Amino acid sequence: MSLLQLALKSISGNAFRNGVVSLCAVLISAFALFSTLVMRGAEDSLRLAIDRLGADIVVVPQGSEAKIESALLMGIPARFWMLQSNLSRIAAIPGVDVASPQLYLATLTGADCCSVSDMFMIAYDPASDFTIQPWLKQNLGEGLRMGEVVGGTYISATEGEQNIKVYGYLVTLKSNLEPTGTGLDQSMFLTFDTAYDIASKSATQAQSQLIIPPDSISAALVKVSPGTDPHEVAVRILQSVPGVTPIESSNLFQSYRRQMTGLLRSILVILSVTWGLSVVLIGLVFSMAANERRKELGVLRALGATRRFVFQSLLAEASILALFGGATGVALAGLAIFLFRNLIMVSLEIPFLLPSPVSLLLQLGAGLFLALFSVNLAALFPAFKISRQDPAIAMRE
Amino acid sequence: MNKTMGILMIVLALVIAIVPITTDCLAHGRMLTTAEGMQVPMKCHWTAIAEIGMAIPLALVGVFNFTSKRKETFRTLNLIGLGLGALVIAFPTVLIGVCANKMMPCNMIELPTLIMSGILVMGASLITLVTSNKMVEPVAA
């Protein structure tokens, strides 16, 4: 009888031990994979959101820093305004290559004149924009005309149509951006002309008028000249333009990063406690099972099996159970993450993006390895102890 | 093993019956307004109702899995279980569907719960089918 056959035979005869060990392996691997996927997904999503934004510095009115982060990351509509004249002052600052204005708007809540409630809308200036236009040119070959919009990945028109009603105005959805796992996925992008047209017609077409204060913008996106330090430019903006806050892209989403760090700490504590308890429990269960099988293992030794063979057969049992439990755990955690990703985003208030297939496979492998390592570590001492005992004593007891 | 899977199926049947009807858009006070101004429930609500109909036979499969002893009974029951699991997934994805907006409550809770439950039901049925095949029938006295 080979080592594997002996291990499989032993496993088939102990349902309690199999259940407990497999369950612990399920817990360890599922929890480890779940937390890794969530934290890495959030980090990837933040990075992609900053890349998609494409700006080195975002200038917003003083006191609106948290609002813009919530809007861009979670799609929570934000309304804040600053004077349009700030844009020319920012553009004139040495080191600023391009400064492009944006308007932040939102649809009405629960109104028939809007297809989607509380949708965050970003209006951009096609003449100076350097964030949306390059994507449009690359994917559509042209910019947006009057009445045309581009949606985040979750923005869809009514089935069979291409139009979305905004303040009673029918806009045409030209295309959808790729997913970022952030609020940008639930946002709509349109030109200044379309935004002003919607605002002017909303007085008669909508339940409530869309008001864009004259000579106002919500934010200015700044790209610094090549070779210039964005921090120096940000300091110059702060000194030259009163009432605004420049946020460097490296400092963007700091509150969410702090929230994620806190979450990561809690997850690590829970993971460590779960891992420690599981290893102790598996160790106890293996000790009990090994004690029950003293006679059986003694007979095996008396029949000529070496200590090494007994030791290896016990570790082989542990590995089979760990592989079974670990595979179940990673499969369940992977499926749960994939299916419930939007719920996780909303309830934990963090952005989230699924990893690439290669990264996912690596993380699945790591989860499985952790389960295998933990179960073998727990079974090591009982297996070593039982393999060292004298066969004559073991059979007599 | 078969008894454990029987209990799992009963629990899943409860999840399939209760979770959709309490997490659909109607439960969150959202309805569709027709051109005539009437308010009607959205697709996700009808999926939730259909799933209650699926949960009842599924619970029975679970109960019989728990009480049965014969190989043929397990085989028939779990083939039905496989079909029911597939239908649990098919209602919200193909047959009826849920709302289009991915951020609606039905899309965030109802749909993933039903897909996950359907997969688990199919998995439990498959495991019972395989293990019952190796079963030794009790000899009649």
Side-chain angles (χ1 to χ4, degrees), chain A residues 11-12 15-16 18-19 22-23 74-76 107 109-120 151-161 164-165 173 176 179 181-188 324 327-328 331-348 352, chain B residues 1-5 7-8 12 15 19-20 23-25 28-39 42-44 85 88-89 92-93 96-124 126-127 130-131 134-136:
Chain A
I11 284 172
S12 62
F16 171 75
N18 299 347
S22 299
L23 195 67
M74 303 311 294
I76 299 165
T107 56
T109 313
D112 291 341
C113 60
C114 295
S115 306
V116 187
S117 276
D118 283 327
M119 178 171 57
F120 185 44
T153 196
Y154 290 150
I155 301 295
S156 56
T158 315
E159 277 172 46
E161 292 176 25
I164 300 173
K165 212 196 281 180
L173 182 67
N176 287 87
T182 64
L184 295 175
D185 293 348
Q186 306 150 46
S187 307
M188 198 164 82
F324 172 74
T328 312
L332 283 177
L335 190 66
I337 285 265
F338 176 73
L339 292 172
F340 291 95
R341 60 189 184 279
N342 289 335
L343 185 66
I344 292 167
M345 263 175 71
V346 173
S347 48
L348 293 181
F352 177 72
Chain B
M1 182 64 101
N2 296 350
K3 283 193 195 303
T4 315
M5 291 301 150
I7 295 169
L8 179 66
L12 286 171
V15 170
V19 174
T23 57
D24 65 358
C25 292
H28 286 83
R30 295 185 187 198
M31 291 176 93
L32 199 68
T33 309
T34 61
E36 292 82 36
M38 267 176 64
Q39 291 219 304
M42 290 185 260
K43 281 198 286 191
C44 55
V88 166
I89 300 171
T93 52
I96 301 177
V98 288
C99 302
N101 189 335
K102 299 277 180 228
M103 300 314 280
M104 294 276 249
C106 61
N107 255 305
M108 286 200 291
I109 311 171
E110 183 183 343
L111 177 70
T113 305
L114 288 172
I115 295 178
M116 186 102 178
S117 303
I119 291 172
L120 290 178
V121 166
M122 290 175 79
L126 211 61
I127 290 172
V130 173
T131 52
K134 293 176 185 167
M135 243 172 69
V136 182

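Fair warning: this is a prediction, and the values are worked out from it, not measured in the lab. FYI, side chains are in, hydrogens and waters are out, and symmetry mates aren't considered; it's all heavy atoms of this structure. Here is how names work: the chains are called A, B, and so on, in the same order as the sequence lines, proteins then strands, and each is numbered from 1.
To the nearest 0.5 Å, atom CG of residue Leu335(A) and atom CD1 of residue Ile119(B) are 4.5 Å apart. For the atom pair OG1 of Thr113(B) and CZ of Phe340(A), the computed distance is 3.5 Å after rounding to the nearest 0.5 Å.
Taking both residues in full, the closest heavy atoms of Met108(B) and Leu343(A) are given as O-CB, 3.7 Å, listed atom of the first, atom of the second, then distance.
If you measure heavy-atom distances from Leu120(B) to chain A, the contacts under 4.5 Å come from the side chain alone. For Ile155(A), no part sits under 4.5 Å from any heavy atom of chain B, backbone or side chain. Contacts of Thr4(B) with chain A are absent, with no heavy-atom separation under 4.5 Å from either backbone or side chain.
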